[in-house]
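See below for the structure under consideration.
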Protein chains: 2
Amino acid sequence: MSQDNKVTGLTAKQEKVLNFIRERIQSNLPPTIREIAKEMGFGSTGTVRDYLDALSKKGYLRRTGKLSRSIELLKGAVNSIPLVATIPAGKPNLAYEDTENQLQLGDLLPAGANQNEIFALKVKGESMIEAGIMDGDTAIIRKQATAETGDIIAALLGNNEVTLKYLGRENGKFFLKPANSNYQPIYKPFTVIGKLVTIIRKY
Amino acid sequence: MSQDNKVTGLTAKQEKVLNFIRERIQSNLPPTIREIAKEMGFGSTGTVRDYLDALSKKGYLRRTGKLSRSIELLKGAVNSIPLVATIPAGKPNLAYEDTENQLQLGDLLPAGANQNEIFALKVKGESMIEAGIMDGDTAIIRKQATAETGDIIAALLGNNEVTLKYLGRENGKFFLKPANSNYQPIYKPFTVIGKLVTIIRKY
DNA sequence: TACGCTACCACACATCTGTGTGGTTGTCAA
DNA sequence: TTGACAACCACACAGATGTGTGGTAGCGTA
């Protein structure tokens, strides 16, 4: 009847402590025990330890003994979002407690990519709308000087203009191909500056 | 002739130290001075301090005095991507050093949203293709039980099926409206489980 | 040559920090 | 009533931690 991996509830105070820790991690550093005590109004470090033990036992965090500030969140960590595939029957609260399917925001970047090889570009205009890329979208680009036909690339045109287009090839010559039947292909000279790896759109 | 905000180069060793710090921050915690010394093979904490001072003076990091592990990266920070609007003339390396325009991955989430109110959903099918939402896209949803006409919502249909559609209204009755002229509106009963806040597509 | 800078070292020291020990009070279920 | 647990407190202590002081050596520039 008892399962270890069941979703254990937190008391109001435990949640308050957890939220403070989350905030601190988000803003910069995990707090020290005494910082937590001070924030929560506790007079003793022992009290904080009791809370950390409780949160740890309930699977919300992990600590690497002895190391200062070594609080690691396990559930609802910063930069992680539960990924739901299907919503189980009769569960009004969704299945989001599921620790397995967490979408890491870092996953958006190509794995192992050097920070210096990535940049973001605001999409202007509707020339790629048939590829599902809309005006205002943010395009994450990995820098590279070459690309393959069919790739969506960021290209630099003559006058400092950057544009996102399919890389096309016709009679051995590369050109820029929009994904919008109202737009014409661009045969002007251009430089490949990178390849599209991610599209982000905020509503 | 000398500008403070110019991009100052790093020596090879300084870059090595910076990379180690970045790694540590990425994996969990910023390192202590002694952890850096150990990793770099330095025999003295003073040496590390010299490096931190140098990196700090060059604008790569900031420290909050006296606090343990309080190293904060300013350039090329984890989870931040340079956002480029236009690419300056004659600059083959792009303008990515620009500290002002950094896209924080955390920005993808609705500001101040509680972690528990967010989840992600894989988009299946092409019913929203005219809204630029393609098969395989990841939809970030903020949980809410109600929405306004015209919002794109995640709705729960009878049999545990979740679907992403426009919320429509006809003769006072809500219905689900696809963004694809080949699809029919859905008039079956449904429950609003959340509102679309972000679309992410990986290539 | 003097100066600034990088690149190190040794060591002392005041705090910071996590942990250990031993309590108290109250609630709730068995 | 016994036991488990939440929710606190006090205090001591070893070791971690950032900082301060004072060096040495090499290199390139003015």
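These figures come from a predicted structure and were not determined experimentally. Throughout, protein chains are lettered first and strands after them, A, B, ... in sequence-line order, and every chain is numbered starting at 1.
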Interatomic distance, B:Leu52 CG vs D:dT17 C1' [rounded to whole Å]: 13 Å

Does A:Asp135 use its side chain to pair, donor to acceptor, with the backbone of A:Gly125 at less than 3.5 Å? yes

Between A:Arg69 and A:Glu35 (salt bridge meaning N to carboxylate O under 4.0 Å), is one present in this structure? yes

Tell me if the side-chain of B:Arg34 makes a donor-acceptor pair with the base of D:dG18, cut-off 3.5 Å, by modelled atom types. yes

Taken to the nearest whole Å, CD1/B:Ile33 to C1'/C:dC8 is 15 Å

For A:Tyr51 and A:Phe42, I'd like to know if the aromatic rings sit close, meaning centre-to-centre distance below 6.0 Å. yes

Are side-chain N/O atoms of B:Tyr187 and B:Glu170 paired as donor and acceptor at under 3.5 Å? yes

From B:Asp137 atom CG to B:Ile200 atom CD1, the distance as rounded to the nearest 0.5 Å: 9.5 Å

Measure all distances between protein nitrogen or oxygen atoms and nitrogen or oxygen atoms of nucleotides 3-7 of chain C, and list the pairs falling under 3.5 Å.
{"unit_1": "C:dA7", "atom_1": "OP1", "unit_2": "B:Thr11", "atom_2": "OG1", "d": "3.2"}
{"unit_1": "C:dA7", "atom_1": "OP2", "unit_2": "B:Thr11", "atom_2": "OG1", "d": "3.2"}

Tell me the interatomic distance from A:Arg63, atom CZ, to C:dG18, atom C1', rounded to whole angstroms. 7 Å

Report yes or no: do B:Thr11 and B:Lys13 form a side-chain donor-acceptor pair below 3.5 Å? no

Which whole-number value in Å describes the distance from A:Ile36 CD1 to C:dG18 C1'? 11 Å

For B:Arg49, answer base if it contacts any base atom (sugar-phosphate contacts may also be present), sugar-phosphate if it contacts only those atoms, and nothing otherwise; contact means non-hydrogen atoms under 4.0 Å. base

If the cut-off is 4.0 Å, is B:Thr32 near the phosphate of D:dT17, judged by side-chain N/O to OP1 or OP2? yes

If you check the B:Ser44 side chain, which of C:dA10, D:dA10, D:dA12 turns out closest? C:dA10

Indicate whether OP1 or OP2 belonging to D:dT17 is found under 4.0 Å from a side-chain N or O atom of A:Ser68. yes

Is any N or O donor-acceptor pair between the side chain of B:Thr45 and the base of D:dT19 shorter than 3.5 Å? yes

Roughly how many Å is it from NZ in B:Lys66 to C1' in C:dA14, rounded to a whole number? 8 Å

OP1 or OP2 of C:dT17 sitting under 4.0 Å from any side-chain N/O of A:Arg69? yes

Take atom CD of A:Glu15 and atom P of D:dA6, then tell me their distance rounded to the nearest Å. 15 Å

Whole-Å gap separating P (D:dT21) and CG (B:Asp53): 14 Å

Tell me if a side-chain donor or acceptor on B:Arg201 pairs with a main-chain N or O of A:Gly132 at a distance below 3.5 Å. yes

